[in-house]
Each structure stands twice: as C-alpha cells, then as structure tokens.
Amino acid sequence: MAPTSLVRYGRWISRLKFPYSQAKPISSPSPFSSSAGPYNADSASPGGPPPIRVSLTDSAGRGVLATRKIGAGELIHTAKPLVAHPSLSSIYHVCNFCLRKLQRNANVDSDAHPASFCSEECERHSKVFNNVEMEADWSDYDNYCRERGLKYPLLVKRLACMVISGAISSDLLDILQPSRLSTDMVLELEEGYSLLRKALVNANITDERMLFLSQEWYTGVLARIRINAFRIELAGGYEDLHSLAAACVEAEAAVGNAVYMLPSFYNHDCDPNTHIIWINNANARLKALRDVDPDEELRICYIDASMDYDARRTLLHQGFGFTCICARCSSGD
Ligand SMILES: C[S@@+](CC[C@H](N)C(=O)[O-])C[C@H]1O[C@@H](n2cnc3c(N)ncnc32)[C@H](O)[C@@H]1O
C-alpha cells in the first residue's frame, strides 16, 4: 500500500510557534539559522522547502519520505531545536542556548552562573526561557536529575520556563508520538513534577502563569521527550563521512539533549539511508547516506548500528518501546 500523505512539510510548521527557530530571512545570523529559506528552522536548499513529506507508513506510524531523488551525501535539510539543554556535566563548558563549546577564556569559572552563552545573539535568543529560569533556584531539581542520572527533566524545566514566558504554547510537543509509561514510571515522575513546581512557586511565579503546569502536562511532555529527544555529540567541523566516523570514535560525551520537530518523524532503521549530525552546535543536519528514490522512506539509526541483532533489539525495545521491523532485522542480521 502506498503511504498516505498526511502532512506537507510547510503546513504544520507554519502553525506552530518555534521558540528556537523563528522564521527569519537568510540574512539573519541566528545561531540556528540554516542556509536558506523563510522557514529556515528546517530547511535545505535556497530554492524551496526540503525534498521530503511526512506520511503514514505501513508499519511504523508516520515517517519521512523523499519527494524526489536525493543523492548520496546530499544535505536534505537542517533543523533547529524546539528546545535544547546542556547536559549537567557540560553546563559550564557549552553555550546554554545553542550548546556550542565555549572558548577557554569564557567566563566559566566555578562561581559563574551556568547560563553562559557563546554570543550576544544566543544570549538574546535565550530570553525565551532565561528570564524565568534565572528567577528560580533549581538546586533541588538539578540534584534530583544528577542523582538519578536523568537528562530529560532538564528539557521539561526549560519548556515550562518557555511557556511561562509566553514564548511557546504548552501543547507544542503534542503532535509528537508519546512513549508508553508504566504506572511505576508515572509514580517516579511525581517527585520531579513537585520539585519543578516548588522551584517556580518559590520564585513567585503566579498561579495564573502556571495554570498549564499539571502533573498530566509534565508526564505527557516527558513521555514525548523520551522517544523524540536526540543526544547531541558535536562533530566539530567534520563534514565528510570518513572524518565524521573518526570524529565519532573520538567524540567526547554528549554536550546535551534537544527535541526537534521534523527529525522526530524519522523512523529508525538498523541499516539507515540518512543520518543526523551536529557540527558546532545543536543545529542538526540531515544528510543522505546513499542515493534515495522518490517516495522511498528516509530512516535514521537511533542506536549504534554496529551492535549485534540481540543487543539492538533489546535496546530499541527498552529505550524506544518498539520491535524493529527494518529489513536488516527481518533478515536476522
Ligand atoms: C521518533 S518516533 C518516529 C515517528 C513516529 N513513527 C510517529 O508516528 O511519530 C519513534 C517511534 O516510531 C516507531 N518506529 C520507528 N522506527 C521503527 C521501526 N524500525 N520499527 C517499528 N517501529 C518504528 C516506534 O513506534 C517508535 O517508538
């Protein structure tokens, strides 16, 4: 059965407010600006929108399909985060907005507030969350994340601050697929929710501005982030595949995590035809790994493809909650 076209790229992109990715002309030097286009949040060639569409697939929900032939190595599109947050171990070393590594002479001594930025531009863009974030004391919440090794609640905290500041609507992520959370998992989230609420109440954020902040909202956002967040490792200037492969082997720990809109619709394949990379900051680049035919689905690999069959299946099941139906898995490789 041919995939049913659900959404043309530009339709929903124009419906949503993008805090990290306001549509700007090409001349705007936003840190998340792509090379072109009025929707430079998720854009590729100067000539128009990316050569993709989001459609229903036969067996893996919605997916991203090529609308024309795409050549190996071609940049399909770029994508700016809807929300990004440095990992706690990187917080003094990367830009609090775009996750770019800070220069050594940046003001990041141990007494400095973690909100360091790589440029005035990033500092200005960060106002969508930073004014609210700076009002609260996050020590208990951050400790809760640190002690449990949790990274996604940091993204929820930032999203909540964006909603409070009026930069985004509280339903921004609703379009994304949520993961199924067990009752035990939901109970575990209660502590994070009450710590987030407490930090904001103590910062005198009014009830009116926190109307959206129910436990249901917190759980729903985390359930979506869990499936759709990307762990960001910067390749730092490596663009070609061989150099990137070498860079990945040497890569330091992730600088942070981010959620995107379009990249969230890419399904997984253990032998992918597309990959997502980050060069200097959280601005993602989706590139074809081989020639792709029109109407062929573009798939990325969510995990380390070099793992064996059993390890891949366990990880995909535990981390993403699905049993992979890709051709490689079907062949038992
Ligand atoms: C990041 S979302 C991708 C977009 C998603 N299909 C949607 O409709 O929004 C990941 C989810 O897509 C589905 N999926 C992705 N790749 C798959 C695969 N190879 N086999 C089966 N399901 C897959 C799973 O439900 C998974 O949890």
Side-chain angles (χ1 to χ4, degrees), residues 1-9 11-13 15-16 42 50 52-66 76-77 79-84 151-152 155-156 159 171-182 185 219-232 254 257-278 282 284-286 289-290 292 295-333:
M1 191 178 78
T4 318
S5 181
L6 268 188
V7 202
R8 277 278 165 189
Y9 163 74
R11 209 175 105 206
W12 49 262
I13 219 160
R15 274 212 326 256
L16 296 163
D42 300 303
I52 56 173
R53 67 173 192 276
V54 177
S55 293
L56 258 188
T57 65
D58 287 341
S59 45
R62 297 163 297 185
V64 177
L65 277 71
I76 304 165
H77 65 93
K80 299 178 198 177
L82 299 172
V83 59
K151 48 199 178 176
Y152 299 148
L155 291 168
V156 185
L159 273 171
D171 62 1
L172 179 71
L173 300 190
D174 283 6
I175 194 171
L176 304 183
Q177 182 178 320
S179 60
R180 270 182 236 112
L181 300 177
S182 64
M185 283 163 138
T219 308
V221 166
L222 258 181
R224 285 169 174 81
I225 290 175
R226 189 161 171 259
I227 284 197
N228 295 289
F230 286 87
R231 169 190 153 95
I232 298 179
N257 296 278
V259 179
Y260 304 81
M261 187 55 77
L262 259 187
S264 292
F265 293 106
Y266 281 77
N267 285 318
H268 161 88
D269 200 298
C270 296
D271 182 18
N273 56 12
T274 304
H275 70 162
I276 179 165
I277 56 171
W278 295 267
R285 298 165 76 79
L286 280 292
L289 285 166
R290 52 176 178 260
V292 177
D295 294 327
E296 190 179 336
E297 186 177 355
L298 295 158
R299 291 183 169 215
I300 57 177
C301 188
Y302 297 173
I303 56 170
D304 176 0
S306 67
M307 291 188 300
D308 69 25
Y309 176 86
D310 289 331
R312 295 197 317 273
R313 289 184 88 71
T314 304
L315 196 53
L316 288 170
H317 191 67
Q318 287 173 353
F320 298 89
F322 69 91
T323 304
C324 184
I325 43 83
C326 78
R328 184 174 162 203
C329 282
S330 302
S331 76
D333 174 11

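For ligands, and for the atoms within them, numbers begin at 1 and follow the listed sequence. FYI, the numbering just counts along the sequence from 1.
We find the CG-CE distance between L173 and M261 to be 6.5 Å, quoted to the nearest 0.5 Å.
A heavy-atom cutoff of 4.0 Å around ligand 1 is satisfied by the protein residues A60, G61, R62, Q177, I227, N228, S264, F265, Y266, N267, H268, R299, Y302, F320, F322, T323, C324, I325.
Between R290 and D271, at least one side-chain N (NZ, or NE/NH1/NH2) sits under 4.0 Å from a carboxylate O, which counts as a salt bridge. A salt bridge is absent between R313 and D308; no separation between the charged side-chain nitrogens and carboxylate oxygens falls under 4.0 Å.
Between Y260 and W278, the ring-plane angle classifies as tilted under the 30° and 60° cut-offs.
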Exercise for the section: I would like to know whether V64 and H77 meet side chain to side chain contact (heavy atoms under 4.5 Å, CB included); could you show each step before the answer? Expected result: CA-CA 12 Å; V64 177; H77 65 93; 5.8 Å; no
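Side chains of D304 and S306: a donor-acceptor N/O pair is present below 3.5 angstrom, by distance only.
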